[in-house]
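Comments concern the structure below.
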Amino acid sequence: MNRIAFWFADGIRLPLIFAAGALVAFMLPLEAPYAIRLLTQVAIYALLGLGYQFVFGLAGAFSLAQGAFFGVGAYVAALAALQWDWTGNLTLPAAVVVAVALATIVAVPVLRLSTHYFALATLGIAQVLLLLAIGWIDLTGGSNGLAGIAPLSLLGIALDGWGGMIAAWLLVALVGLALYQVRGSLTGLAFDVMRTDSFAAIAAGVPVERLRFAAFLASAGIAGLAGALQVHAIGVVSPEVLDFDIMVRCLVICVVGGVARTSGAILGAFLVVLAPELFQVLEGYRLLAFGALLLLAILFFPVGIVGSLEALRARWLGATPFTQKLPTLRAPGRSLLATTRPVLSLERVSKHFGGVVALESVTLKVPRGEIFGLIGPNGSGKSTLVNVVTGLVPPDEGRVIVSGEDVTGRPASRVAACGVARTFQTVHLHPDLSVLDNVAVARIGDLPGGLFGTLATIGADRRLRRARAEAVAVLDALGLGGDGLRPAGSLPPGAQRRLELARALARNPELVLLDEPAAGLSEPEQAYLAERLRVLKTRGLAMVIVDHNMGFLLSLADRIACLDQGRLVAIGTPDQVRRDPAVIAAYIGLGRNGHAAAEATR
């Protein structure tokens, strides 16, 4: 009971519930059939907006095909009802299945694209379906469409009027609860990270491609369901259900209401459906007035009406504290010393960017329990080598082998699944998430479930609870246990570096690649970091460290390799590499680095 009361009191839920109840109570006595029709339309568009929040609000993918899936669901339901006399028992599932099937076919080529290319590709799909609906007259009725679709009927019960409206809102509630369940789960945490910073998601081992695919299918299925409800509500279908106007309404619902909030989709649907009706008195100027209202909403509520109200509440009353109690649980670990084969093997790896040689026939091996340093002047190919190993950049030639498995050319998420973790030269963290959750999200690879597994879960997500508990153990090991509930962006630079390392270690990797881990750290912070890395080495973890701080690296690494213009010019112990003429000429002999190296080895 306390949990339910806390849910109602959290954020601005209670005012929104009272406002929605007052609006419905005001509308229904006016003219019942008219009010019921409007409230049914609000429910249908809320359902469309909630579906779009899966792909746009969760995955951050700007799809313009949501209206197309809405139209496909509408036509499937209409044709099934007219040609086979199906009721809602079958038309609704059929609309969902066909929309998901179409999304599956579309997703294979389209989800490989990003940013505006993805948006344009999805827009093209919608236009093709619109032309098909107009041109295939024998099936779709062409521009005239199809009429005479029966009202919704489920389990032999006709749901016209009040029944149809209640059924539509029940579906909105179910989808809204599903979206709420996802947002409060480990999968929702992964969505939040991948939407905010793709590099942070890669570092955390988030299966970005798989989650985007699942979100795209979920959004399509819900849009198809909304389209089927629309057909049963109004009794006709025409190519207008595939017109870009539907997509524009969907965007307005999510952007104005709040793209990342369930209540935002419902509030946006009320605005889109009811505002034009209220402006009927303006006759020819009603669309102009509606457009001005939307423009004002976007200008004054840039994160949506609900998001802005929540930010205002947090400013006045303070943010809702994190209150979950975490059990004591040790973070799991691999037996890294069980085999002697190299963790990392590069075999004649080459990479060119146009005419620029980034890597040229690089061959090296890193065994377990070794700290392997990588040095070289700027532009020598160090970061490119790290990107090739972790799958961000495919090599032009050669092979990358991790723990005996060839991972050459695999995407970053699949390389990460093989036990490879990394940090970046520039820190990539989710600044608004807590320190705890920045690490907990990295446990998603060992606590699988995915989007649809999360949707099948009832109540609090046990995977998230376990991930947070395991993250506590990792944070304690790196001296960050007392900062677990702080926003990651509020940490000083040195602590952020250790937090990135904690996120990498939370994935239980066999190999960690650290890019400039000592950058910006004070000498005590460097000493503490070096001590932690030596402890990890004794447990069998292999590490490749790229750093310009020669004093830090020479005292820490077991072996060091030097790159120059993409070529491996020396490899050996720190003392051997420091004295190598090629290294002196290429790197150590240049200015301050030479003095720093000399001082560090005296």
Side-chain angles (χ1 to χ4, degrees), residues 184-208 211 322-334 390 412-413 416-417 419-424 426-449 461-515 517 525 528-529 532-533 535-536 539 541 543:
S185 69
L186 182 60
T187 301
L189 201 60
F191 272 122
D192 197 5
V193 173
M194 66 181 263
R195 185 180 65 250
T196 303
D197 189 333
S198 60
F199 289 109
I202 291 168
V206 174
V208 175
L211 287 180
F322 180 76
T323 58
Q324 182 177 2
K325 295 181 181 179
L326 299 175
T328 301
L329 184 66
R330 296 293 300 172
R334 288 190 175 97
T390 54
S413 59
V420 179
R422 69 168 296 172
T423 65
F424 292 89
T426 302
V427 173
H428 284 279
L429 299 168
H430 193 312
D432 298 326
L433 281 184
S434 67
V435 168
L436 180 67
D437 282 345
N438 267 278
V439 177
V441 71
R443 297 294 304 132
I444 192 169
D446 290 333
L447 299 172
D461 185 19
R462 294 179 181 178
R463 294 191 311 145
L464 179 58
R465 182 177 175 82
R466 183 180 179 87
R468 283 171 169 163
E470 293 170 354
V472 168
V474 180
L475 290 170
D476 285 341
L478 288 172
L480 292 169
D483 297 314
L485 302 184
R486 290 179 60 181
S490 68
L491 293 179
Q496 289 190 10
R497 290 280 179 187
R498 281 186 284 141
L499 178 56
E500 262 206 326
L501 177 59
R503 182 181 60 196
L505 296 177
R507 296 186 39 235
N508 297 317
E510 298 185 43
L511 170 68
V512 177
L513 298 100
L514 307 175
D515 199 347
E525 288 175 327
Y528 183 84
L529 177 61
R532 295 292 89 200
L533 295 179
V535 171
L536 295 171
R539 299 176 182 174
L541 184 66
M543 286 169 274

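These values consider heavy atoms only, across backbone and side chains, with no hydrogens, waters or symmetry-generated copies. Starting from 1, each residue takes its place in the sequence as its number.
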Query raised in the report: What's the verdict on side chain to side chain contact (heavy atoms under 4.5 Å, CB included) for L514 and L533, showing C-alpha distance, side-chain angles and the deciding distance?
Result: CA-CA 11 Å; L514 307 175; L533 295 179; 3.9 Å; yes
Query raised in the report: At their closest point, which heavy atom of P487 faces which heavy atom of P431, and how far apart are they?
Result: CB-O, 3.6 Å
Query raised in the report: Under 3.5 Å, is there a donor-acceptor pair between the side chain of R498 and the main chain of L478?
Result: yes
Report task. Please determine, by modelled atom types, if T423 and R497 share a side-chain donor-acceptor pair under 3.5 angstrom. Result -> no
Query raised in the report: Is there a side-chain contact between T187 and R463, using heavy atoms and a 4.5 Å cut-off?
Result: yes
Query raised in the report: For the residue pair R422 and A504, what are the closest heavy atoms and their distance?
Result: O-CB, 4.0 Å
Report task. Enter the distance from T390:OG1 to I202:CD1 here, rounded to the nearest 0.5 Å. Result -> 8.0 Å
Requested in this report: For residues L501 and L529, determine if any side-chain heavy atom of one lies less than 4.5 Å from a side-chain heavy atom of the other.
Outcome: yes
Query raised in the report: Does the side chain of P207 come within less than 4.5 Å of I444's, by heavy atoms?
Result: yes
Requested in this report: Indicate yes or no for a side-chain donor-acceptor contact from D461 to the backbone of L186 under 3.5 Å, with no hydrogens or angles considered.
Outcome: yes
Report summary line: Distance col, row D446:CG vs E470:CD, nearest 0.5 angstrom, shows 8.0 Å
Requested in this report: Please work out whether the ring planes of F199 and F424 are parallel, tilted or perpendicular, with thresholds of 30° and 60°.
Outcome: perpendicular
Requested in this report: Starting at CG of L436, measure out to CZ of R486 and round the result to the nearest 0.5 Å.
Outcome: 14.0 Å
Query raised in the report: Between G205 and A416, what is the shortest heavy-atom contact and its length?
Result: CA-CB, 4.1 Å
Requested in this report: First locate atom CD of E500, then atom CG of L429, and finally report the distance between them rounded to the nearest 0.5 Å.
Outcome: 5.0 Å
Report summary line: Note: G484 and S434 closest approach over all heavy atoms is O-CB, 3.5 Å
Report task. Can you spot which of N438, D483, V435, L505 makes a side chain to side chain contact (heavy atoms under 4.5 Å, CB included) with L475? Result -> V435
Query raised in the report: How many angstroms lie between atom CG of L189 and atom CZ of R443, to the nearest 0.5 angstrom?
Result: 13.0 Å
Query raised in the report: Do any N or O atoms from the side chain of R503 and from the backbone of A203 form a donor-acceptor pair under 3.5 angstrom?
Result: no
Report task. Check whether any side-chain N or O of R532 sits under 3.5 Å from a backbone N or O of A477 as a donor-acceptor pair, and report yes or no. Result -> yes
Requested in this report: Rounded to the nearest 0.5 Å, what's the gap from CD on Q496 to OG on S490? Could you check?
Outcome: 8.0 Å
**Report entry** pair L480-V439: side-chain heavy atoms closer than 4.5 Å
**Finding:** no
**Report entry** Non-hydrogen atoms of H428 and A200 that approach each other most closely
**Finding:** O-CB, 3.7 Å
Query raised in the report: What's the shortest heavy-atom distance between A506 and V474, and which atoms?
Result: CA-CG2, 4.1 Å
